[in-house]
Amino acid sequence: MPTDLKKMRNIGIMAHIDAGKTTTTERILYYTGKIHKIGEIDDGQATMDWMQQEQERGITICSAATTTTWKGYQINIIDTPGHVDFTAEVERSLRVLDGAVAVICAVGGVQPQTETVWRQADTFNVPRMVYVNKMDRIGADFYAAVESIKTKFGVECVALQIPMGQGQDFEGSIDLLKMKELRFEGDEGEKVVESDIDASRIDQANEWREKMIDQIASTDDELAEIYLEGGEITTEQLKKAIRKATIERQIVPVICGSSKKNTGVQPLIDAVVDYLPCPIDIPPAKGIHVKKDKEEEVLVPCDASKQALGLVFKIQYDKEMGSLCYVRMYSGKIASGSQILNINKKKRERVNRILRMHADKSEPVNSIEAGDIAVFVGLKLAQTGDSIGSEGFPVLLEEPVFPQPVISVALEPESMSERDKMNETLEILSKEDPTFTYHEDSETGQLIISGMGELHLDVLVTRMKDDFKVQCRVGAPQVTYREAVTAEAQVTEEFEKVLAGKETKAGLTVKVAARETGSGNSYSCTVRNQEIPDEIFEAIESAFKSCLESGINYGYPCTDTAVTVTGIDYDELTASTFAFEACAAQAFDKACNQAAPQLLEPVMNVDISCPKEFVGEAMSQMTQRGGIIIGQDSKTSEELIHAQAPMAKMFGFTTNLRSATKGMASFSLEFSHFQVKVGGLNNY
């Protein structure tokens with residue numbers, strides 16, 4: 001049975017850590033009848049935080065997907081993490097969502113991680129609405145929260161509700177479209193009671209309704225005309241205009257509530273259905289057609305009758321079922337048991353089963369169509385970012401780009417028998433999480449794992465021990481440095497050797513130069529000689545690329561370095577691919593050492609939030625670690641300090657900051673850039 005795409009919503013819940021995303025999702029599932037008991041994060045019972053680590057730590061680590069229905073609409077929800085170490089989880093979820101709900105804390109307003117996820121949503125042009133949560137907390141200020149969204153992001157916020165009382169006096173909200181007071185009664189706030197607006201609040205309600213109509217009319221010519229002529233605008237006309245302006249990202253609708261107190265969630269679900277886009281409201285996905293002679297950009301309209309095309313946006317390992325591939329379908333239909341083509345790997349795979357997920361539980365479905373999200377079981381080769389579909393329409397949807405890992409620790413098995421098990425586990429985890437990598441250090445023989453932060457690696461190592469039962473020891477954290485040249489140099493190098501009685505020769509002229517910070521490495525060859533076979537060119541390119549990976553003096557990967565081959569001395573009687581590879585390695589070494597090589601270290605953006613009385617102590621902790629204070633924002637209840645500091649000096653910062661501020665301060669780290677490290681490797 002074809003699904004009515006107009007009645008489908010793919011939404012994400014995104015916010016700063018502790019703003020109440022999981023609590024809000026939990027209430028949505030309860031009121032839509034998906035669960036029959038509300039689980040609380042504080043008791044480790046939240047449905048969406050199903051992983052043991054999430055329950056113990058009280059935070060969301062991996063995006064959980066679920067599907068529910070409300071008033072005949074199918075809603076696919078992804079609850080994303082708020083902690084900056086798991087920012088890639090948010091990124092890959094936003095890539096496949098049509099709309100998002102940003103949860104903002106009524107006390108804290110826009111917090112650092114809210115800014116990160118908001119920027120990510122901007123990158124993918126995701127229409128969003130805002131839910132101001134925690135209205136019952138002391139210090140809650142709905143109007144200040146709305147103002148902070150406006151000033152921070154420069155968006156037009158349209159309040160569709162205003163609160164009745166704030167903090168301990170919060171009792172519900174006033175719906176500015178219906179002009180009714182909404183209260184939430186019953187044991188779990190399941191009964192929405194509408195009543196006429198109290199005389200003491202009517203003036204404020206009229207003022208905000210007028211403001212709302214004014215904002216909406218400015219986005220819609222038809223409404224503007226009625227408004228200016230003093231005519232009556234109906235609720236239906238308003239809803240239609242709000243929906244259109246939200247999808248076009250001209251406005252951001254705002255509503256309020258307190259999820260923990262079961263207040264205001266049902267209007268939030270109504271708003272998701274009323275104002276966020278369905279799969280056919282958003283522009284068609286863009287892809288690259290790989291079979292045509294030249295790579296051609298094509299548009300992929302959301303249509304179940306067209307050729308099948310989907311994107312694997314997340315992989316999760318299940319003990320019983322193996323790899324679960326989360327797939328967003330962009331076009332066509334895939335049935336369980338059918339064969340599909342992995343377009344990135346150019347290999348065929350079989351979809352054994354298709355499941356509709358509910359956190360860690362699932363129900364089988366026969367097929368999945370364009371616009372929907374489901375889980376495929378049985379794909380062995382698929383990785384995050386792979387496009388899957390049919391051979392008749394081999395289109396690559398853009399791959400997600402993930403940040404580079406910045407922190408590493410050494411890992412070793414307790415016994416040799418554990419080694420194979422550990423390598424298998426690491427392969428599973430790195431397939432699940434693209435920001436987690438591992439490699440063996442050729443010099444020390446140690447196994448090095450790298451990730452986005454101390455918490456990220458701590459979670460992964462604990463998962464290895466608890467979920468996969470791998471017994472291993474962890475070394476001290478190490479920073480992942482980079483190497484780069486800071487000048488330009490050109491060398492001509494010759495390689496000559498007698499191998500197995502045959503003389504082999506190769507000659508190369510190579511230029512290395514520094515590139516702009518953050519632009520990465522590049523390789524080019526300006527030699528155009530018909531007599532030189534392709535395998536020689538390929539051997540030279542492959543040798544230089546592996547040289548860039550293995551570094552100049554310290555063995556760290558190079559970054560922002562350009563390598564150009566300007567001359568090749570080739571003789572068909574003595575040339576061999578090995579000779580040119582060896583010559584390239586020698587030339588690279590010589591050229592880089594003449595081009596003033598430098599060691600680069602990762603620098604982190606640090607955002608510290610703390611009470612006003614501890615600002616001095618927090619800043620002093622930062623400057624003691626070589627940090628630079630960039631700026632400071634004042635909030636009603638706290639101060640926000642923006643700084644930058646070298647990653648190597650940030651280990652153990654949590655403990656020092658907490659003891660200096662009596663446990664009142666918290667901070668978040670995000671990778672900013674690599675900069676030249678003063679004093680080489682030995683000064684920390």
Side-chain angles (χ1 to χ4, degrees), residues 4-9 11 70-73 98-102 125-132 142-143 145-147 149-151 153-164 172-182 192-257 264 266-283:
D4 181 359
L5 288 176
K6 288 189 174 166
K7 293 209 158 189
M8 185 185 287
R9 302 286 180 271
I11 65 155
W70 178 254
K71 298 180 179 174
Y73 284 80
D98 302 331
V101 176
N125 301 321
V126 178
R128 67 216 80 143
M129 54 179 287
V130 168
Y131 172 59
V132 179
F142 173 77
Y143 307 103
V146 172
E147 199 51 45
I149 301 163
K150 241 181 201 168
T151 51
F153 305 127
V155 293
E156 188 67 33
C157 291
V158 178
L160 307 183
Q161 294 179 347
I162 55 168
M164 293 190 285
S173 52
I174 296 172
D175 187 321
L176 299 175
L177 281 110
K178 294 179 182 172
M179 284 304 273
K180 293 278 182 192
E181 289 188 353
L182 305 179
V192 184
V193 179
E194 290 185 6
S195 56
D196 291 333
I197 300 174
D198 188 85
S200 62
R201 289 189 270 261
I202 193 78
D203 289 346
Q204 189 190 20
N206 281 329
E207 180 197 329
W208 277 88
R209 179 177 164 87
E210 199 63 28
K211 196 174 173 184
M212 174 188 78
I213 294 173
D214 186 27
Q215 286 175 298
I216 297 163
S218 66
T219 68
D220 188 297
D221 296 343
E222 198 181 314
L223 285 192
E225 213 170 293
I226 302 170
Y227 179 63
L228 291 170
E229 286 168 6
E232 190 61 42
I233 298 174
T234 66
T235 305
E236 278 316 304
Q237 284 174 312
L238 278 174
K239 278 188 171 180
K240 199 174 157 191
I242 295 168
R243 180 177 178 80
K244 182 172 173 286
T246 305
I247 293 169
E248 289 171 0
R249 293 175 59 231
Q250 291 177 296
I251 63 164
V252 174
V254 183
I255 63 172
C256 62
Q266 293 95 322
L268 169 65
I269 317 171
D270 284 335
V272 163
V273 164
D274 289 342
Y275 310 125
L276 288 181
C278 69
I280 48 179
D281 286 332
I282 55 169

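Everything numeric here is computed off the predicted structure, so don't read it as measured data.
- Taken to the nearest 0.5 Å, the CG atom of Leu5 stands 7.0 Å off from the SG atom of Cys278.
- With sequence neighbours left out, the salt bridge (Lys or Arg N to Asp or Glu O under 4.0 Å) criterion links Glu156 to no other residue.
- Contact check on Asp281 versus Arg243 returns a salt bridge, with a Lys/Arg side-chain nitrogen under 4.0 Å from an Asp/Glu carboxylate oxygen.
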Test salt bridge (charged side-chain N to carboxylate O under 4.0 Å, His left out) applied to Asp270 and Lys71, step by step: CA-CA 9 Å; Asp270 284 335; Lys71 298 180 179 174; 2.8 Å; yes
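- For Lys180, the side chain to side chain contact (heavy atoms under 4.5 Å, CB included) partners two or more places apart in sequence, or in a different chain, are Lys178, Glu194, Asp196.
- For the residue pair Cys256 and Ser173, the shortest heavy atom distance occurs at SG-CB, 4.0 Å.
- A donor-acceptor pair under 3.5 Å is absent between the side-chain atoms of Arg249 and the main chain of Pro127, judged by distance alone.
- When every heavy atom of Ala241 is checked against every heavy atom of Leu223, the shortest pair comes out as CB-CD1, 3.4 Å.
- Looking at Lys211 and Glu207, no side-chain N of the basic residue comes within less than 4.0 Å of a carboxylate O on the acidic one, giving no salt bridge.
- Side-chain atoms of Arg9 come within 3.5 Å of backbone atoms of Leu276 as a donor-acceptor pair (strictly under, hydrogens ignored).
- In this structure, the side chain of Gln161 does not engage the main chain of Ile174 through any donor-acceptor pair within 3.5 Å.
- With hydrogens and angles disregarded, no donor-acceptor distance shorter than 3.5 Å links the side chain of Glu248 to the backbone of Ala245.
- Formation of a donor-acceptor pair under 3.5 Å by the Arg209 side chain with backbone atoms of Leu176 is found in this model.
- Remark: Asp221 CG is loosely packed, at most 12 non-hydrogen atoms of other residues, nucleotides or ligands lying under 6.0 Å away.
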